[in-house]
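Accompanying notes for the structure given below.
Per chain, numbering begins at 1; letters A, B, ... match sequence-line order. Every value quoted in this text rests on a predicted model; they were computed, and no experiment measured them.
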Number of protein chains: 2
Amino acid sequence: MEAVAARAGVSKSSVSRVVNGDATVTPAIRDLVIKAVRELGYVPNGAARSLATQRTNAVAVIVSDPPKGLVCDDPMFSTVVRTMSRLLEAAGKQVTLMLAGSPESQLRVEQFVAAGHVAGVMLVSMHGADPLPGSLARMGVPMVSLGRSVSGVPYVDNDNVGGAAVAVRYLHSQGRRRIATITGPLDMLASQDRLTGYRETLRDTGRRSIVALGDFTRISGAEGMRQLLDDDPGLDAVFAANDLMAIGALHALREAGRRVPDDVAVVGFDDIEAALYTAPPLTTIRSPMGDQAAAAARLLLGLFEGAPGDPVIMPNELVIRESA
Amino acid sequence: MEAVAARAGVSKSSVSRVVNGDATVTPAIRDLVIKAVRELGYVPNGAARSLATQRTNAVAVIVSDPPKGLVCDDPMFSTVVRTMSRLLEAAGKQVTLMLAGSPESQLRVEQFVAAGHVAGVMLVSMHGADPLPGSLARMGVPMVSLGRSVSGVPYVDNDNVGGAAVAVRYLHSQGRRRIATITGPLDMLASQDRLTGYRETLRDTGRRSIVALGDFTRISGAEGMRQLLDDDPGLDAVFAANDLMAIGALHALREAGRRVPDDVAVVGFDDIEAALYTAPPLTTIRSPMGDQAAAAARLLLGLFEGAPGDPVIMPNELVIRESA
DNA sequence: TTGAAAGCGCTAACAG
DNA sequence: CTGTTAGCGCTTTCAA
């Protein structure tokens, strides 16, 4: 910077002003500086800038990362992270990706944020009981959660209750009368909401719930399905709380010799890529992750400008394919 | 830090030494400082540290991001990014994710690295013609490319040539005699290599190549397959350069009334999750992305310690399922 | 072994 | 509108 100042024959302050787009600079000086910057290939030092301004343009994207490497949201990871990065980068933010799984990584995240390294935080698919949102919220850093969280953090989510309701209503409208469900892990709010949607809708139709517990993995979908078949051999439909489990259910049904959708109809949730390739292709509730990620990014960016940060809930859409 | 020093009754220098694990500190002082740090919840300021040391513990993970949002490597994104992050974080590095697609983002990346914000760079799935690896290499920052790159950057890759060869040999061993291929985008080295493996192996068996150009998308796989069927209705096998295209080919074959594998055998490449759910499940070449990502992370970490940075090539494995 | 002091590169009052 | 100056919080010689 000193070199630039010297070359342009001005002071460091002027260089700083030009570089930071300060309006109060004589065009002549501005041009001189710009020329010098270009000639010297000058790039400002962010560390020094952060130190001087006590600000940063980094944003942490914190992804919950279960120790076992559960897949719950994996098919979405690319969409979510790419979409957010694109928007955040376009807004001049620098994306710092952090995995929050083990207690150590939790600590690392907290320290990192506490150290003031980031201007804001995006929480991605936190579990309901996760202590991180709470402790970060206490630090007062602008924060948005993708997927409903606890502790009053602004969030973006899809309409889990409504989506499940649509699935069940559709099944009912097709003449299905014994509609079961396979749930996600109940420590996740999304799972709870989908179960609620299923329960309430079923109750409205005067039918009883038939529930198996799953954990959003394919395996658990297959197991849940087998158990459901055991419990109630007469069931004619199943709503799986995500597509991965629906795919597992499809396999279990085939094993059991039931035809889909003739004997048993299957509806999933999420509309992941793989839902297109199953046999038969999966009827599912599309929850638009790209849109949600974008909304979350915009919400955080808005927070920086002092916007209120009201929750955003995106509607879901029933995608009818051949499994129901 | 001053507060810590005051509370411990020592100088800032001592605090700094303790915090940075300097050996030359009296245990008594060390304990005092540690206590004060804990009591005050002190977290060192990274910006100041970077400024003073002229070093940083941030690493950029640069993911090529085609404007249109091509899926070429999408199913792998989660595996790759998570694996790398985990290892990098475990080594105390901070991961900065950057998308390199548009010219502006290229520039942003270059400037960012030029500004010395990162200690090293991980390049993920760059295209062969991408100018970024070259320009970054010129800046002399430690760098590793996941997927072969140009310009002498240390890289980790799977054995694309060998994998394709295994696929073709297997097909041949099953009695297939007219083996076609659908290629990836030929501006990617991986595509070129897979094509080379196909060509050379076929030549060894004295057969001629039957080639359709694809771009790693499902659609292009279906189109390629249709074209292949047009060109050579008698073909009895196809090697798709990735699973997505193999899935597209499966659909096109069904449309055309060919049975798989009875009439036409299909082999893919990658072993993505979805390959399990197709009908019939896809025989494919497993290229272990998690292992590759881990190797890449370790390679970069090694570079920091002055290790040589020799290329790593991971072997592939034929996964036989029902499509061939 | 410890402390004092001099920066790291930049921004932001402030005076001119 | 421009230049001077005093830090931002930390590391790191250099003496003591």
A:Ser135 backbone acceptor or donor facing A:Glu110 side chain under 3.5 Å: no
Polar side-chain atom of B:Thr56 near backbone of B:Ala58 as donor-acceptor pair, under 3.5 Å: yes
4.5 Å side-chain heavy-atom contact, B:Asp31 and B:Lys35: no
Min side-chain heavy-atom separation A:Asp157-A:Gln292 under 4.5 Å: yes
Main-chain N/O of A:Thr96 paired to B:Thr96 side chain as donor or acceptor, under 3.5 Å: no
Worked verdict on B:Asp130 versus B:Gln106 for side chain to side chain contact (heavy atoms under 4.5 Å, CB included): CA-CA 10 Å; B:Asp130 204 305; B:Gln106 298 255 16; 3.6 Å; yes
A:Ile34 side chain reached by A:Val37 side chain, heavy atoms, under 4.5 Å: no
Whether A:Ser64 side chain and A:Ser125 backbone form a donor-acceptor pair below 3.5 Å: yes
Within residues 24-34 of chain A: residues closer than 4.0 Å to DNA chain C (heavy atoms): none
Residues touching DNA chain C, which here means a heavy atom under 4.0 Å, drawn from residues 36-47 of chain A: A:Tyr42, A:Pro44, A:Asn45
Euclidean distance, atom CG of residue A:Leu51 to atom C1' of D:dC8 [Å, nearest integer]: 4 Å
Trace of the side chain to side chain contact (heavy atoms under 4.5 Å, CB included) decision for B:Val95 with B:Val59: CA-CA 5 Å; B:Val95 174; B:Val59 168; 5.6 Å; no
Sugar-phosphate only, base, or nothing, as touched by A:Val19 at under 4.0 Å among non-hydrogen atoms: nothing
Any A:Val144 side-chain heavy atom under 4.5 Å of A:Leu146 side chain: no
Upstream residue (5' side of DNA chain C) when B:Ala48 and B:Ser11 are each assigned their closest nucleotide: B:Ser11
Beyond-backbone contact of B:Val124 with B:Met84, side-chain heavy atoms, under 4.5 angstrom: yes
Flag, side chain of A:Arg82 to backbone of B:Phe77, donor-acceptor distance under 3.5 Å: no
Residues forming a ring pair (Phe, Tyr, Trp, His ring centres under 6.0 Å) with B:Phe112, sequence neighbours excluded: B:His117
Note, B:Ser105 side chain near B:Leu99 side chain (heavy atom, < 4.5 Å): no
Rounded interatomic separation in angstrom, taking CD from A:Gln54 and C1' from D:dC10: 12 Å
B:Asp187 side-chain N/O to B:Ala129 backbone N/O, donor-acceptor pair under 3.5 Å: no
Boundaries of the chain B footprint along DNA chain C (any atom under 4.0 Å from a heavy atom): C:dT1 to C:dG9
Enumerate all atom pairs, one protein N or O and one N or O from nucleotides 12-14 of chain D, separated by less than 3.5 Å.
residue	atom	partner	partner atom	Å
D:dT12	OP1	B:Arg55	NH2	3.1
D:dT12	O4	B:Ser13	OG	3.4

Five-pair end axes of the helix from C:dT1-D:dA16 to C:dG16-D:dC1 and the angle they enclose, rounded to 10°: 40°
